[in-house]
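What follows is a set of notes on a single structure, which appears directly below.
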2 protein chains.
Amino acid sequence: MDLDTVRTFVAAADAGQFQEAAAELAVTQQAVSKRIAALERHVGVRLFTRTPRGAELTIDGQAFLPHARELLRVAERAVASVRTGHRPLRVDMLTSRSAASGLMRGFHRAHPEIDLDVVMLFDIEKAVAAIRSGAIDASFRAVAMPGRPLPEDIASVRVLDEPLQLLVGPAHALASARSVTVAQLAGHRIWMPGLVPGTEWTAYYDDLVAEFGLTIEATGPNFGSDALLDTIADTPTLATFMGGQTRLVWPAGHGLRRIPVTDPMPVYPHSLLWHRDNPHPALATLRAHLAATAAGHGAAGTWVPDWAIPR
Amino acid sequence: MDLDTVRTFVAAADAGQFQEAAAELAVTQQAVSKRIAALERHVGVRLFTRTPRGAELTIDGQAFLPHARELLRVAERAVASVRTGHRPLRVDMLTSRSAASGLMRGFHRAHPEIDLDVVMLFDIEKAVAAIRSGAIDASFRAVAMPGRPLPEDIASVRVLDEPLQLLVGPAHALASARSVTVAQLAGHRIWMPGLVPGTEWTAYYDDLVAEFGLTIEATGPNFGSDALLDTIADTPTLATFMGGQTRLVWPAGHGLRRIPVTDPMPVYPHSLLWHRDNPHPALATLRAHLAATAAGHGAAGTWVPDWAIPR
DNA sequence: TATGGATACAACCATTGGTTGTGATCGGGC
DNA sequence: GCCCGATCACAACCAATGGTTGTATCCATA
């Protein structure tokens with residue numbers, strides 16, 4: 001199906017005749033007739049009843065019309081999403097399961113008129129480069145990697161500390177614990193597939209391991225969260241970490257348990273990063289929104305790596 | 001833009017390489033390469049970075065991807081809307097401003113999983129013919145026209161009485177009335193553009209006029225409700241009728257008043273019509289929903305034309 | 001009955017979009 | 001260090017698509 005054809009259909013439906021639609025589209029009446037005929041062949045039903053006084057929609061045509069309009073709307077938004085200049089606000093985040101996703105959903109609820117696009121870059125290096133090039137407008141990240149300070153032209157503000165929670169299956173030794181201390185985790189196998197060396201996400205866990213003597217296995221390919229959850233549910237000796245803000249589509253019948261970690265409570269510090277010179281108006285709106293709805297961060301009893309604390 | 005091209009883009013993005021996408025789509029790798037290049041030319045940005053080991057999305061490509069998927073989803077629904085067989089439930093109603101529209105919105109909220117299409121046919125004759133032919137599944141109408149009983153194979157149930165309200169501008173003599181009786185309306189000019197002879201909607205007003213001695217002017221072309229509202233607001237001697245359930249997008253600053261009509265209260269009786277043999281599962285759901293949420297009808301003190309009361 | 005305005009069909013042709021064949025580039029294995 | 005295999009891009013060719021012009025048909029209206 002060709003969108004020019006759909007556009008022609010909508011124009012003809014609005015005009016009530018092919019000829020006027022043809023004039024609007026700057027083609028001949030015969031071309032419109034052919035396009036409509038092709039569309040009818042494609043969907044398999046007659047969309048117009050032709051009369052010597054014009055063409056009016058059949059019932060099928062009437063039913064199809066709103067869908068056709070929607071199709072054109074979506075197509076326009078699709079093109080707008082990559083148009084340089086006045087394009088939707090483009091935000092990068094770690095994963096769709098991170099707390100940043102929740103923040104952006106809240107922002108979208110508060111400002112449904114602002115068009116958003118979400119991308120996921122590899123690490124903070126790529127994110128910073130993309131922000132500087134203007135390819136993205138903002139990024140939710142831990143502010144920096146060990147020994148790599150943020151460049152001067154990138155601004156950042158800490159927006160949310162996301163507590164880590166332990167995820168275990170029903171047969172796990174800690175399954176019935178109401179909370180666990182970090183010290184209690186020593187000796188347990190914690191599995192985090194998909195941790196890629198060189199990312200700040202991995203640097204975070206490296207620090208956690210180094211400071212508290214945990215064992216985290218990053219082995220094995222990442223087959224997605226569904227597969228991870230399946231394995232965790234079925235393996236009594238395996239646990240994993242998960243962001244505490246995550247609203248999972250909870251698989252039924254798994255018996256998975258989420259257990260808060262305390263003493264200290266490891267939190268992943270999400271900051272918003274943006275370019276100081278970025279003039280996108282929606283960026284200012286986003287910053288204002290985050291400032292207004294900011295949850296507590298830097299609270300006592302929480303732990304973050306040294307390098308992730310902006311000074 | 002061509003949807004086959006969009007499909008190709010999504011396939012290539014999923015596969016991570018053109019070759020595999022080409023195999024899926026049963027074309028050559030060169031064809032995929034050309035299509036992607038054409039799409040990139042169309043939107044004006046590079047969507048993939050080509051490597052000797054495949055092709056991965058650029059940031060623009062990442063932003064475009066969900067829009068592309070949405071585009072394909074919408075296209076599929078568009079085609080499904082006219083597919084004979086298992087198509088969305090297709091319902092006919094008088095106008096988008098009638099109470100039937102509100103009922104269908106309620107149904108959609110209660111059953112968002114059921115796909116709906118709304119069409120508007122000319123009159124009940126056309127609606128009955130469409131129901132018998134299977135072109136539509138149900139219709140919200142006054143059950144019959146004077147002297148034209150419903151055919152045996154069409155079932156109907158009264159679902160809502162919609163009270164008529166008087167709509168006047170701020171300078172109208174009745175502007176400050178809290179309610180008016182039908183008798184008080186005699187002598188006032190009531191304007192109803194767009195009343196087409198031969199429809200049951202017009203038959204309703206004919207009966208109202210005949211029984212209570214009102215003057216209703218149906219003259220002039222119907223330029224849509226906006227124009228009607230403008231005229232009513234500006235003309236001190238003109239009023240119009242409007243369904244009491246209507247949730248208008250109320251034009252600001254018009255000072256329009258809605259006044260209930262009493263003694264008796266004229267109501268427009270909406271019934272649901274359907275074919276007894278129609279097996280569409282969503283039709284049963286709709287009937288059950290309407291039965292469960294049915295508002296009162298046939299209440300004392302209301303008026304409907306004789307012929308509109310099913311016996 | 002002639003006319004004007006509408007769509008459909010036919011013939012023609014430029015352009016599009018597919019295939020095949022080939023070249024360039026990079027990573028991995030030997 | 002070199003070659004092989006896998007990838008994508010480019011060129012040439014060709015069929016099919018989709019546009020235009022010209023014409024036929026239909027019907028409401030004067």
Side-chain angles (χ1 to χ4, degrees), chain A residues 1-58 60-62 64-65 68 75 122 196-198 221, chain B residues 1-58 60-62 64-65 68 75 122 196-198 221:
Chain A
M1 183 153 42
D2 177 35
L3 288 187
D4 277 338
T5 306
V6 176
R7 219 179 310 281
T8 304
F9 166 77
V10 171
D14 287 342
Q17 57 178 46
F18 290 4
Q19 204 137 142
E20 192 179 323
E24 259 175 53
L25 300 170
V27 294
T28 60
Q29 165 265 317
Q30 290 88 333
V32 170
S33 177
K34 271 181 147 185
R35 285 186 189 176
I36 301 288
L39 182 60
E40 289 178 330
R41 227 178 310 121
H42 181 78
V43 299
V45 297
R46 197 135 250 253
L47 297 172
F48 287 97
T49 55
R50 280 77 161 171
T51 78
R53 212 168 46 267
E56 63 177 343
L57 289 171
T58 61
D60 284 315
Q62 280 189 56
F64 188 71
L65 181 56
F122 182 72
V196 185
Chain B
M1 182 154 42
D2 178 36
L3 288 187
D4 277 338
T5 306
V6 176
R7 219 179 310 280
T8 304
F9 166 78
V10 171
D14 287 342
Q17 59 178 41
F18 290 5
Q19 204 137 71
E20 192 179 323
E24 258 175 55
L25 300 169
V27 294
T28 61
Q29 165 265 317
Q30 289 88 334
V32 171
S33 177
K34 271 182 152 186
R35 285 185 188 175
I36 301 288
L39 182 60
E40 289 177 329
R41 226 177 312 120
H42 181 79
V43 300
V45 297
R46 199 137 251 253
L47 297 172
F48 288 97
T49 55
R50 280 79 160 169
T51 78
R53 213 168 44 267
E56 64 178 342
L57 289 171
T58 62
D60 284 315
Q62 280 189 56
F64 188 73
L65 181 57
F122 181 70
V196 185

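First the proteins, then the strands, lettered A, B, ... as listed; each starts at 1.
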Look at A:Q30 and D:dT21 and indicate whether a side-chain polar atom (N or O) is within less than 4.0 Å of OP1 or OP2. no

Any residue of residues 8-18 of chain B with a heavy atom less than 4.0 Å from an atom of DNA chain D: B:Q17, B:F18

Heavy-atom side-chain proximity of A:Q62 to A:L65 below 4.5 angstrom: no

Give the rounded distance in Å between these two atoms: CG of A:L39 and C1' of D:dT17. 16 Å

Any donor-acceptor pair, under 3.5 Å, between the side chain of B:Q29 and the base of D:dA6, if you only look at N and O atoms? no

Categorize B:V27 for me: base, sugar-phosphate, or nothing, with a 4.0 angstrom heavy-atom threshold over every strand shown. sugar-phosphate

Is there a donor in the side chain of A:R35 and an acceptor in the side chain of A:T8, or the other way round, less than 3.5 Å apart? yes

Take the protein atom CG of B:L57 and the nucleotide atom C1' of D:dC8, then report the distance between them rounded to whole Å. 16 Å

In whole angstrom, what separates B:K34's NZ from D:dA15's P? 15 Å

Determine whether B:F64 and B:V45 make a side-chain contact, defined as any pair of heavy atoms from C-beta on separated by less than 4.5 Å. no

Whole-Å distance separating the CD atom of B:Q19 from the C1' atom of C:dT25: 14 Å

Looking only at heavy atoms, what is the nearest atom pair of A:A21 and A:V32, with distance? C-CG2, 4.5 Å

Shortest non-hydrogen separation from A:G54 to A:Q17 and the atoms involved: CA-CB, 4.0 Å

Do B:I36 and B:E40 have side chains that get closer than 4.5 Å, going by heavy atoms? yes

Any chance you could measure A:L3, atom CG, to B:L3, atom CG, to the nearest 0.5 Å? 4.5 Å

Rounded to whole angstroms, how far apart are CG on A:L25 and C1' on D:dG18? 14 Å

Would you check if A:L57 and A:F48 make a side-chain contact, meaning some heavy-atom pair closer than 4.5 Å? yes

A:D4 CG to C:dG17 P, straight-line distance once rounded to whole Å: 11 Å

Kindly state which residues belonging to residues 41-56 of chain B come within less than 4.0 angstrom of DNA chain C, counting heavy atoms of the residue only, listed by number. B:P52, B:R53

Given D:dT21, C:dT19, D:dT7, identify the nucleotide with an atom nearest to the side chain of A:T28. D:dT21

Neighbour count above 12 (heavy atom, 6.0 Å) for A:E56 CD: no

Of the listed nucleotides (D:dA12, D:dA9, C:dC9), which one gets closest to any side-chain atom of B:S33? D:dA9

